[in-house]
Amino acid sequence: MDQVRSEAHEQLLAKIRAGLADTRRRTALYVGTEGGRESAEKAYAQFPESQDLLREARRIKREAIDRLDENLQSFIRNARSSGTIVHLAPDAATAISIVIDLVRVAGATRIVKAKSMTSEEIDLRQHLEAAGFDVVETDLGERIVQLAKQRPSHMVAPAIHMSVEEVTDLFSKNLGREIPPDPAQITAVARESLREDFLNADVGITGANFAIADSGAILLVTNEGNARLVTALPRMTITMFGVEKIIASTTDAFTLMQPLIMSGAGRRLTSYVTLMRGGSKLAQNGQQQEHHVVLLDNGRSRMRADHEFREALYCLRCGACSDICPTFRIFGGHVFGHIYTGPIGIPWTEYTATPDDAGKFAPLCIACGLCQEACPVDIDIPLLIARVKERYTESHGQTSINRTLCSYETFVSLASVMAPLSNFMLRRQIFRHVLQSLIGIDARRPFPKFTRHTFKKWFRPHLGNASRTVAYFVDTFADMCEPEIGKAVVGILEANDCKVILPEQIGSGIPAFLYGDVKRTTQAAAFNVRHLADAVRNGCEIISSEPTATYCLRELYPRLLGSPDANLVAAHSHDLFEYLLELQRGGSLKVARPKTSIEPAVYYAPCHTRSVYGTSPSFQVLRYAGLDLQTVRYSTCCGIAGTFGFKVGVEGYDVSMAVGETLFTRLKAMNRNLIITESSVCKMQIEHGTSLRVLHPATVLWKIYQADRAE
Ligand code: SF4
Ligand code: SF4
C-alpha cells in the first residue's frame with residue numbers, strides 16, 4: 001500500500017469512527033432510508049406489471065446510450081428550432097464559464113436553483129456565489145444543506161442525515177425568529193420565504209430528468225413544484241444536464257418516469273411533472289423568456305466507451321440503491337460519497353471526478369449485491385464497484401488485511417486440514433489476540449468450527465439409477481465446516497429421485513471479489529464454469545445450497561466471463577430450494593410433514609438470496625412442508641458480508657455489528673429460539689449477535705425427511 005492509499009485509508013477510518021459514534025445522525029439516516037425503501041416496496045406492490053415495466057425501462061436507457069450521438073444531434077436541432085440556445089460543455093470548467101457569462105450578460109443578481117446533481121458535480125452554486133451572485137436553492141432539502149453549508153448526503157433527499165431539531169435551528173437562525181420543531185411548519189416557513197425569491201429572481205437554473213431528442217423538450221419531475229416556478233418566472237432560465245439524460249421520445253420519458261417516481265419517491269405518481277420546450281411565455285412582465293441548455297460531458301463519453309461502466313449511464317437518479325445499502329444507511333453520503341453519493345456514486349465518481357476520489361470510499365461497499373436488486377434499471381453496481389477497487393489497488397496497492405482475506409478459501413482449507421488443532425487454537429482468546437495484532441482479525445469475532453472430515457471426502461454418488469442427475473456446487477462452509485449441510489442436500493435430492501454428482505470444482509472466488517481482486521475471482525469462475533458446463537452438457541442441472549454460490553453461478557460468472565459456457569451454467573443453476581419448488585410445481589416433490597420435534601422458527605433471507613430471487617424459495621418450501629415459520633422484516637444486510645465482519649474494529653467488525661443491530665433486536669423480539677437461514681456467514685453473525693440457534697434450511701428439511709422415514 002503506497003502513501004496515497006495509506007492516508008486515504010486513515011481518513012476513511014476516522015470518518016467511520018465518527019459516523020459510528022454519531023447516533024443522532026445514524027437514527028435520522030435509518031429512519032429516512034428505511035422509509036424510502038418501504039414506500040418504494042409498497043408502490044411496486046400496487047403495480048403487478050412492474051417487472052415488464054422495469055425491463056422496458058432498461059431497454060430504453062440501453063438504446064438511448066447506444067444511440068447517444070444520433071439522439072444528441074436530434075435534441076440539439078429540435079431544441080434550437082423551439083428558440084432554445086444550446087451550449088456544449090466538454091468539461092466542468094467550460095460549463096461553469098458558460099453559465100457565469102450568461103448570467104453576467106443578463107445583468108442578473110439573484111438566481112433561483114432547483115435540485116440538480118449535475119450542478120453539484122461541477123460545484124456550480126459555489127462558483128456563482130464566488131463570482132458575486134446571490135443563489136438560492138429552492139428544493140427544501142437543498143435549501144437546508146445550503147444553509148448548513150454542507151453537501152447533499154443523498155441524491156433524492158439531500159438533508160436525509162439531519163434531524164427535525166437541527167433543521168429547526170437552521171431556519172430559526174436564518175430567519176431570525178423561533179420556528180417550532182414541526183416539519184409542516186418548517187415547510188410553510190420555507191415556502192413563504194422562497195416565494196419572494198421566485199418573484200424577484202433574474203435567472204432560474206435547473207437540471208433535467210429527461211431531455212427528449214425528437215422534440216427538444218425537457219422533462220422535470222419534482223415533489224415540491226419549485227422547479228416549475230424556477231423555469232417559469234425568471235426572465236432567463238438555464239437547464240444544465242449530462243448528455244446521458246437524452247432519450248429518444250416523450251413516450252420513452254413517460255415510461256422511465258414511472259420507475260423513477262416509484263423507486264425515488266415511493267409513489268405511483270409525483271406531484272409535479274413539467275414538460276418544457278423553449279422558454280416560458282409567462283416570465284416577468286410577460287416577456288418571452290430566454291432559455292439556454294448547457295449539455296455537460298465531463299467524463300461521460302469516457303464512461304460510455306468503457307464497455308463495463310457504460311451501463312452506469314442508465315442511472316435514473318432515484319436513490320433506491322442508497323436506501324437499501326447497509327453501510328450507506330449507517331454513514332450517509334458525507335462518508336459514503338464524493339459528490340455523487342451511495343452505491344452508484346462510486347462508479348460515477350470514477351469518471352466524473354477521479355479514480356482516486358472513487359477508490360477512497362469504495363471500501364465501504366461490502367459486496368452484498370442488494371443495490372442491483374433495488375435498481376429499477378438493473379445496473380450491476382457491485383461489479384462496477386469491484387472494478388473501481390481493482391483499479392485503485394493496481395494504482396496504490398492493497399491493505400495487508402485485505403490481501404490476506406482475498407486468500408480466505410486457502411485459510412479455510414488449511415484450518416480444515418489442521419482440525420481439531422485449529423479449532424482448539426481459534427477458541428483460545430490469547431491466540432485470537434495474536435491474530436488481531438498480526439493479521440487484523442478482530443478477536444471478538446468467533447470462528448466457525450472446522451473439520452477434517454469434509455463433505456467432499458464423505459461424498460459418493462449413492463444412486464445407480466434415478467429420474468434426474470444433478471451436479472452439486474458445494475461451498476467451502478458446507479464442505480469444510482458443516483458437512484451436515486452437504487449431506488442433507490444430497491439426502492433431500494436423493495429422496496426426490498435425483499442422482500447427485502460432484503464435478504471438479506474449487507471455491508467460488510467471492511472473498512477476493514469483495515476486496516477488488518477481480519482477476520482471482522475470474523480465474524475461479526473460469527475453472528468452475530469449465531467443469532460445470534460439461535456437467536450441464538451431460539444433462540445435469542447445477543444445485544447449490546449457499547446463496548453466494550448461486551449468486552456467483554447465476555449473476556457474477558456470466559458478467560465476468562461473458563462466455564457461452566458461463567451463460568449455459570447460469571441458465572441451469574439453481575438454489576436447492578428453487579429446484580425443489582420447481583419439482584413441487586411439476587407435482588413431483590416428495591414432501592415430508594414436520595414432526596413436533598421441529599420447533600417454530602424465524603426465517604431470515606440472506607442478501608444474495610434476495611438479489612437473485614427477490615423472494616425466498618426456502619421459506620416457501622419449508623412453509624409448504626408445514627413448518628411453523630415466520631419471516632423477519634429487514635430490508636438490508638446482517639452486516640458480516642463474507643469476511644468483512646472479521647476485520648478488526650472500525651475496519652469491519654464494528655461496522656458489521658452496527659449494520660446488524662436492528663436485525664438482532666427484531667429477531668430477539670420474535671420470541672422464537674430457532675432461526676433459519678441458508679447463508680453460512682449470516683448464520684455466524686446472527687448466532688454472535690443474538691445467541692440464538694441458527695440452522696440451514698436444508699438441515700431442517702432433511703430432519704423432517706428422516707423423521708418421516710423413521711416412522
Ligand atoms: S453491494 Fe451492497 S454494500 Fe455494496 S454498494 Fe451495493 S448495497 Fe452497498
Ligand atoms: S443506480 Fe439504479 S437505484 Fe441507484 S440511483 Fe441509479 S437508477 Fe436508482
Side-chain angles (χ1 to χ4, degrees), residues 29 33 36-37 40-41 44 53-54 57-58 60-62 64-65 117 152 154-157 209-210 221 242 244-245 256-266 303 309-333 335-337 340-350 358 361-389 510 513-516 548 551 555-556 606-608 610-612 635-642 644-645 652 655-656 658-660:
L29 281 163
T33 52
R37 184 73 203 139
E41 276 173 8
Y44 279 105
L53 172 70
L54 298 184
R58 184 174 164 92
I60 290 170
K61 280 300 292 188
R62 190 184 60 238
I65 298 302
M117 278 310 298
H154 185 285
M155 281 188 207
V156 175
N209 292 100
F210 306 107
V221 178
E244 84 286 359
K245 295 287 178 67
L256 291 173
M257 201 174 70
Q258 292 177 60
L260 169 64
I261 294 168
M262 289 196 289
S263 296
M303 205 189 302
F309 281 72
R310 182 186 185 96
E311 71 167 334
L313 293 166
Y314 303 172
C315 177
L316 303 176
R317 303 263 187 281
C318 69
C321 51
S322 296
D323 290 345
I324 204 167
C325 175
T327 43
F328 181 91
R329 289 166 65 135
I330 298 279
F331 299 112
V335 180
F336 198 134
Y340 286 102
T341 57
I344 193 65
I346 298 173
W348 265 76
T349 301
E350 178 87 1
F361 71 102
L364 287 168
C365 167
I366 55 175
C368 68
L370 289 174
C371 47
Q372 185 176 4
E373 179 213 339
C375 177
V377 282
D378 195 29
I379 300 171
D380 192 347
I381 309 168
L383 177 59
L384 301 183
I385 295 173
R387 290 291 186 206
V388 169
K389 291 177 180 173
I510 197 81
F513 185 78
L514 171 58
Y515 304 111
T548 302
Y551 170 76
E555 313 259 336
L556 186 59
C607 298
H608 282 149
R610 281 179 271 159
S611 65
V612 173
S635 60
T636 189
C637 167
C638 73
I640 190 167
F644 173 78
V655 178
S656 85
V659 169

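In each ligand, atom 1 is the first atom listed, and ligand 1 is the first ligand listed.
Taking a cut-off of 2.8 Å, the protein N, O or S atoms nearer than that to atom 2 (Fe) of ligand 2 are Cys375 SG.
Numbered from 1 in the order shown, with element, the atoms of ligand 1 that lie under 4.0 Å from a heavy atom of Gly369 read 1 (S), 2 (Fe). Taking a cut-off of under 4.0 Å to the non-hydrogen atoms of Ile366, the atoms of ligand 1 that pass are 3 (S), 4 (Fe). Taking every heavy atom of Gly319 and a limit of under 4.0 angstrom, the matching atoms of ligand 2 come to 5 (S), 8 (Fe).
At least one heavy atom of Ile385 sits under 4.0 Å from some atom of ligand 1.
Considering only non-hydrogen protein atoms, atom 2 (Fe) of ligand 1 sits nearest to Cys368 SG, 2.3 Å. In terms of protein heavy-atom proximity, atom 4 (Fe) of ligand 1 is closest to Cys365 SG, 2.4 Å. Ranking protein heavy atoms by distance to atom 8 (Fe) of ligand 1, first place goes to Cys325 SG, 2.4 Å.
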Q: Apply the test side-chain contact (heavy atoms from CB on, under 4.5 Å) to residues Lys61 and Leu316: give CA-CA distance (whole Å), side-chain angles for both, the deciding distance (0.1 Å), then the verdict.
A: CA-CA 9 Å; Lys61 280 300 292 188; Leu316 303 176; 4.2 Å; yes
- Message: As a quick check of understanding, evaluate side-chain contact (heavy atoms from CB on, under 4.5 Å) for Ile379 and Cys315, giving each step before the final call.
- Response: CA-CA 8 Å; Ile379 300 171; Cys315 177; 4.1 Å; yes
**OP:** Test side-chain contact (heavy atoms from CB on, under 4.5 Å) on Met155 and Ile344 and set out the steps.
**Re:** CA-CA 10 Å; Met155 281 188 207; Ile344 193 65; 3.1 Å; yes
* Candidate pair Lys389 and Phe513, rule side-chain contact (heavy atoms from CB on, under 4.5 Å), full reasoning -> CA-CA 9 Å; Lys389 291 177 180 173; Phe513 185 78; over 6 Å; no
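Listed by chain and residue number, Asp378 satisfy the side-chain hydrogen bond (donor to acceptor under 3.5 Å, both in side chains) test with Gln372 (two or more places apart in sequence, or in another chain). Listed by chain and number, the residues in a ring-ring contact (aromatic ring centres under 6.0 Å, His included) with Tyr314 amount to none (sequence neighbours excluded).
Residue contacts with ligand 1 for Cys637 are absent, since no atom lies close enough (heavy atoms, distance under 4.0 Å).
Rounded to the nearest 0.5 Å, atoms OG1 (Thr548) and CD (Glu555) are 12.0 Å apart.
In this structure, the side chains of Val659 and Ile330 come closer than 4.5 Å at one or more pairs of heavy atoms.
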Would you list the atom pairs, donor with acceptor, under 3.5 Å between side chains in residues 319-327 and any protein atom, with sequence neighbours excluded?
unit_1 : atom_1 : unit_2 : atom_2 : d
Asp323 : OD1    : His154 : NE2    : 2.9
Thr327 : OG1    : Leu364 : O      : 2.7

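Ring-plane geometry between Phe336 and Phe361 is classed as perpendicular, the angle between the planes exceeding 60 degrees on a 0 to 90 degree scale with a lower cut at 30.
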